[in-house]
Amino acid sequence: MADERQLDCALDLMRRLPPQQIEKNLSDLIDLVPNLCEDLLSSVDQPLKVAKDKENGRDYLLCDYNRDGDSYRSPWNNKYDPPLSDGAVPSDRLRKLEIEANDAFDQYREMYYETGVSSVYLWDLDHGFAGVILLKKSGDGSKKIKGCWDSIHVVEVSERSAGRQAHYKLTSTAMLWLQTNKEGSGMMNLGGSLTRQADQESAVTTASPHIANIGRMIEEMESKIRTTLNEIYFGKTKDVVNDLRSVSGLDAKKQQVALQNELAGALSRRANKS
């Protein structure tokens, strides 16, 4: 019971700390409570790291879903780096789908993010399959503005009716941080993460295969997450800054408040007379 309470407190703390420092904060937490090491590592999403496929020179993203021991599987050549003879790989049918999914989401990344890196990894389940779609977009390297967007979409697909129908369960996490450093405003850090879930039942046909069904869910989910992040982080920050800093002077503000009170009083007296 105590361990569960400690884990809840640790996860709540991690949600409130800057995403760009997740690795350091996670390491510090594990040093404080070593008994929560496995639970924390499996529960906390970390910023995605980029590696390069040595055979074709293409970038791919690293995560727990393409890791086996200390090696990571490339979605481009289906091999582990460092080499691993008995590493887990998808079945031939699923590998074909994985290749098509990587090509499809590479186009998705180019349309929505222009630059960045995307990777898709799939693995077999008893009654279907599961996969993770990773997207990473970093800043352009400007000294005044830095930032990064990481989105992790884990989808579980349960196939039914001889593969003609499927149930999709999607869990999406987006991590965003921005840092600006200008003479007029100084340094400002803004960041956070958001996790959402969705599920739906869809027909699997030639016109609407698994990749199209999953793609529509992720496209809709990312749109909702971007809107929420914009309203929560940017909108709320703007409101706070506007409340802290007034364009007009203090005397003008007092006159405005006095005028508002005078108008409210006049309206109240008028209403009482009528």
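None of these values were measured; they are calculated from a predicted model.
- Residues Trp123 and Phe129 have side chains not in contact (no heavy-atom distance under 4.5 Å, counting atoms from C-beta outward).
- For Lys136 (side chain) and Asp150 (main-chain N/O), no donor-acceptor pair under 3.5 Å exists by modelled atom type.
- Leu61 and Tyr80 end up in different hydrophobic clusters when Ile, Leu, Val, Met, Phe, Trp and Tyr side chains are linked at under 4.5 Å.
- Within the 4.5 Å cutoff, no side-chain heavy atoms of Leu97 are placed close to those of Ile99.
- Of the possible polar contacts, one joining the Thr227 side chain to the Ser223 backbone as a donor-acceptor pair under 3.5 Å is found.
- Scored by the side chain to side chain contact (heavy atoms under 4.5 Å, CB included) test, Val33 finds Gln6, Asn35, Leu36 as partners (sequence neighbours excluded).
- Here the side chains of Leu40 and Leu11 are in contact, with some heavy-atom distance below 4.5 Å.
- From Gln21, atom CD reaches atom CH2 of Trp177 across 9.5 Å, with rounding to the nearest 0.5 Å.
- Side chain to side chain, Tyr121 and Asn66 meet the donor-acceptor criterion of an N or O pair below 3.5 Å.
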Checking Lys79 against Glu55 for the side chain to side chain contact (heavy atoms under 4.5 Å, CB included) test, could you report, in this order, the C-alpha distance in whole Å, the side-chain angles of both residues, the deciding distance, and whether it holds?
CA-CA 10 Å; Lys79 296 179 182 178; Glu55 288 189 5; 2.7 Å; yes
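- Interatomic distance, CG of Asp45 versus SG of Cys63, reported as 9.5 Å (0.5 Å rounding).
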Residues 204-211, side-chain donor-acceptor partners within the protein, below 3.5 Å, at least two apart:
residue, atom, partner, partner atom, Å
Thr205, OG1, Ala207, N, 3.4
Thr205, OG1, Ser208, N, 3.0
Ser208, OG, Asn213, OD1, 2.5
Ser208, OG, Arg216, NH2, 2.8
His210, ND1, Tyr168, OH, 2.8
His210, NE2, Glu159, OE2, 2.9

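- Taking the salt bridge (charged side-chain N to carboxylate O under 4.0 Å, His left out) definition, one finds that Asp64 meets it with Arg67, sequence neighbours left out.
- In terms of modelled atom types and a separation under 3.5 Å, the side chain of Asp12 and the main chain of Asp8 share no donor-acceptor contact.
- The CG atom of Asn230 sits 13.5 Å away from the CD1 atom of Ile225 when rounded to the nearest 0.5 Å.
- Here Glu98 pairs with Arg73 in a salt bridge; the nearest charged N to carboxylate O distance falls below 4.0 Å.
- Applying the side-chain hydrogen bond (donor to acceptor under 3.5 Å, both in side chains) criterion to Ser71, with sequence neighbours excluded, gives no partner residue.
- Side-chain contact check for Ile22 versus Pro47: some heavy-atom pair is nearer than 4.5 Å.
- A heavy-atom distance below 4.5 Å is found between the side chains of Ser74 and Asn77.
- Looking only at side-chain heavy atoms (C-beta outward), Leu41 and Ile30 come within less than 4.5 Å of each other.
- Residue Leu48 is grouped with residue Leu17 when hydrophobic side chains (ILVMFWY) are merged at heavy-atom distances under 4.5 angstrom, including chains of intermediate members.
- Side-chain N or O atoms of Asp81 include none that pairs as donor or acceptor with a backbone N or O of Tyr72 at under 3.5 Å.
- Between Lys137 and Glu114, no side-chain nitrogen of the basic residue sits less than 4.0 Å from a carboxylate oxygen of the acidic one, so the salt-bridge criterion is not met.
- When hydrophobic clusters are built by joining Ile, Leu, Val, Met, Phe, Trp and Tyr residues whose side-chain heavy atoms come closer than 4.5 Å, directly or via intermediates, Leu94 is not grouped with Val89.
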Before giving the answer on salt bridge (Lys or Arg N to Asp or Glu O under 4.0 Å), spell out for Arg58 and Asp53 the whole-Å C-alpha distance, their side-chain angles and the decisive distance to 0.1 Å.
CA-CA 5 Å; Arg58 298 186 67 176; Asp53 190 304; over 6 Å; no
Could you go step by step and tell me if Met217 and Gln200 meet the side chain to side chain contact (heavy atoms under 4.5 Å, CB included) rule?
CA-CA 9 Å; Met217 289 185 71; Gln200 72 175 35; 3.6 Å; yes
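- When the side-chain hydrogen bond (donor to acceptor under 3.5 Å, both in side chains) test is applied to Glu219, the partners found at least two apart in sequence or on another chain are Tyr112.
- Considering only heavy atoms from C-beta on, Val157 stays 4.5 Å or farther from His167 through its side chain.
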Using the side chain to side chain contact (heavy atoms under 4.5 Å, CB included) rule, take Leu26 and Met14 through it: C-alpha gap first, then chi angles, then the decisive distance, then the call.
CA-CA 8 Å; Leu26 187 59; Met14 288 299 300; 4.3 Å; yes
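- To the nearest 0.5 Å, atom NZ of residue Lys224 and atom CG of residue Leu194 are 12.0 Å apart.
- The CG atom of Asn102 sits 11.5 Å away from atom CZ of Arg109, with the distance rounded to the nearest 0.5 Å.
- To the nearest 0.5 Å, atom CG of residue Asp3 and atom CG of residue Asp39 are 8.0 Å apart.
- The shortest side-chain heavy-atom distance between Ile133 and Tyr108 does not fall under the 4.5 Å cut-off.
- A single hydrophobic cluster is not seen to contain both Val257 and Leu263; linkage of ILVMFWY side chains at heavy-atom distances under 4.5 Å, directly or through other members, places them apart.
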Derivation of the side-chain hydrogen bond (donor to acceptor under 3.5 Å, both in side chains) call for Glu222 and His153
CA-CA 9 Å; Glu222 286 210 333; His153 304 278; 2.9 Å; yes
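- The ring pair (Phe, Tyr, Trp, His ring centres under 6.0 Å) test applied to Trp76 returns no partner, not counting sequence neighbours.
- If you chain together hydrophobic residues whose side chains sit under 4.5 Å apart, Leu259 and Leu267 never meet in one group.
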